[in-house]
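Take a look at the structure set out below.
Side chains included, hydrogens not; waters and symmetry mates left out as well; all remaining heavy atoms used. The chains referred to below are lettered A, B, ... by the order of the sequence lines, with proteins before strands, and numbering in each begins at 1.
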There are 2 protein chains.
Amino acid sequence: MKTALDKARQDPESMKARILTVARRIFGDYGYHGTTTRMIAQEVGIDVSTLHYHWGDKKGLYEAVVLDINKDLGQSLRDVERMIHGKPLGERLAISIDVMTDYLFEHPEIANLILHRYFGRTREEAVQEIQVPEFTVDMARSMNLIRNQKEPTPRALLEVLAVVNGIYNFVSGEVFFRSIVHVDREVYITQVKEVLKFILIPAFVQREDKGDPGPA
Amino acid sequence: MKTALDKARQDPESMKARILTVARRIFGDYGYHGTTTRMIAQEVGIDVSTLHYHWGDKKGLYEAVVLDINKDLGQSLRDVERMIHGKPLGERLAISIDVMTDYLFEHPEIANLILHRYFGRTREEAVQEIQVPEFTVDMARSMNLIRNQKEPTPRALLEVLAVVNGIYNFVSGEVFFRSIVHVDREVYITQVKEVLKFILIPAFVQREDKGDPGPA
DNA sequence: AAATTGTTCCATCTAATGATTGAAGCATTG
DNA sequence: CAATGCTTCAATCATTAGATGGAACAATTT
């Protein structure tokens with residue numbers, strides 16, 4: 001079955017797809033309440049009524065954006081999982097950090113949207129959820145933080161969250177952080193990857209070297 | 001000179017102070033655009049016009065909130081700095097993480113507000129800044145990541161940001177993350193501190209042990 | 001106690017925002 | 001090409017949100 005989202009993706013030049021693309025960026029930058037349908041319409045270069053014609057109300061569009069981003073992020077994570085399969089822990093982490101950081105810097109709206117949903121609230125109730133729980137469990141498994149078929153422990157999940165949040169933060173915080181460290185975008189991205197690997201890898205490797213299987 | 005903020009702090013039962021306290025929480029939860037002056041007024045139990053009478057327009061109140069939080073956070077950081085003075089690196093980090101995490105879990109609006117300003121944008125221009133740059137440099141110094149009197153390197157600043165962001169994230173993300181890991185608040189806080197120390201300390205200690213003075 | 005000043009609320013205004021309507025344009029099909 | 005359906009926009013409506021004026025009340029001063 002083709003969903004509305006699928007259809008919008010089919011032809012990236014279709015009005016529906018163009019609106020969705022702009023909506024991702026604006027919702028990511030300004031959050032749900034900080035975004036007006038007029039801002040999106042203006043950016044696309046259309047009338048608001050055209051936007052409503054294609055996507056219904058604001059909440060509907062926002063939910064489409066969230067679903068769209070879930071899809072993209074899920075795909076990326078599966079790609080990474082394939083790349084690191086069978087490699088030793090330190091390498092798995094290094095590759096994951098490199099690849100996911102590059103990917104998210106190319107699509108910062110994804111990190112923006114996720115962080116808005118982590119940390120912010122909305123006056124509307126029951127807006128579509130980001131599938132963070134599922135993704136987190138998958139990653140915990142991929143990091144070998146889960147023994148056998150058992151449920152991941154809270155500790156293992158928190159460790160994964162700490163890792164991925166580190167990436168989201170530096171991507172979404174680029175504008176703000178670059179104003180602190182005074183480097184251009186290219187240098188910033190390079191240094192972020194170095195810092196993330198410097199901080200995130202040793203703890204896990206050290207624990208494994210000790211023969212400690214971790215919190216699983 | 002007494003500022004309006006000082007006056008509001010004098011008597012925490014004063015209307016002005018009560019409004020400020022509630023405003024901190026609501027702005028932290030919903031962000032600038034997600035918050036309405038009516039929400040704040042209702043929470044305080046007063047009419048909107050009373051709010052405007054004391055704090056002027058919405059932007060003015062928001063700026064007061066940011067200044068107030070800057071003050072609180074700056075004070076806490078100075079407290080921590082005194083506690084860790086002269087101790088070895090690993091211990092300095094462990095104490096900082098424990099103390100700051102506890103403090104922020106008691107005042108989550110601080111972490112909320114900071115993250116909103118890191119990652120979000122506002123349609124209004126020129127809203128008062130969080131003094132993150134200053135704080136970050138201070139912490140870099142306190143973590144001995146700065147050699148002599150020299151300017152901190154971008155690398156050192158990014159390392160500090162990684163550390164503090166880790167804390168902010170788990171505090172502000174409590175509601176969301178706890179829904180993933182299924183633990184109560186008390187367990188969550190304990191585990192967060194353990195995970196943060198587990199991940200953040202080894203990298204820095206390892207580098208020091210190698211005689212590598214770090215990015216300074 | 002009268003006068004002054006400070007505080008609060010109700011009613012109301014204005015602007016912004018979400019949303020719809022109906023007409024016009026354009027393509028597709030019978 | 002006439003009829004149909006799809007897409008777009010200008011105009012407009014309804015609701016919400018920021019803000020204010022003035023009356024009522026309370027506190028303070030004289």
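Comment: Asp68(B) does not engage Lys71(B) in a salt bridge, judged by the lack of any side-chain N to carboxylate O separation of less than 4.0 angstrom. Ion pairing between a basic and an acidic side chain is recognised when a charged N comes within 4.0 Å of a carboxylate O; Arg78(B) and Asp138(B) show no such pairing.
Neither OP1 nor OP2 of dA17(D) sits under 4.0 Å from any side-chain N or O of His33(B). At the phosphate of dT7(C), neither OP1 nor OP2 sits under 4.0 Å from any side-chain N or O atom of Thr50(B). Between Arg123(B) and dG18(D) there is no side-chain N or O to OP1 or OP2 distance below 4.0 Å.
If you take CE of Met39(A) and P of dA16(C), they are 14 Å apart, rounded to a whole angstrom. Going from atom CD of Gln42(B) over to atom C1' of dA17(D) covers 14 Å, rounded to whole Å. The distance between atom CG of Leu61(B) and atom P of dA19(D), rounded to the nearest whole Å, is 10 Å. The separation between Glu124(B) atom CD and dA15(C) atom P is 16 Å, rounded to whole Å. Ile46(B) has its CD1 atom 17 Å from the C1' atom of dA24(D), to the nearest Å. Distance, Leu51(A) CG to dT17(C) C1': 13 Å, rounded to whole Å. Between Trp55(B) atom CH2 and dT8(C) atom C1' the separation is 17 Å, expressed in whole Å.
Applying the salt bridge (Lys or Arg N to Asp or Glu O under 4.0 Å) rule to pairs touching residues 34-48 of chain A yields Arg25(A)-Glu43(A), sequence neighbours excluded.
Between Tyr32(A) and Tyr62(A), the ring planes are perpendicular. Angles over 60° get that label, and only those under 30° would be called parallel.
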Atom pairs under 3.5 Å: protein N/O with N/O of nucleotides 19-24 of chain C:
| residue | atom | partner | partner atom | Å |
| --- | --- | --- | --- | --- |
| dA19(C) | OP2 | Lys58(A) | N | 2.7 |

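Glu81(A) meets the salt bridge (Lys or Arg N to Asp or Glu O under 4.0 Å) test with no other residue; sequence neighbours excluded.
Aromatic rings of Tyr118(A) and Phe177(B) (six-membered ring for Trp) have centroids within the 6.0 Å cut-off, being under it.
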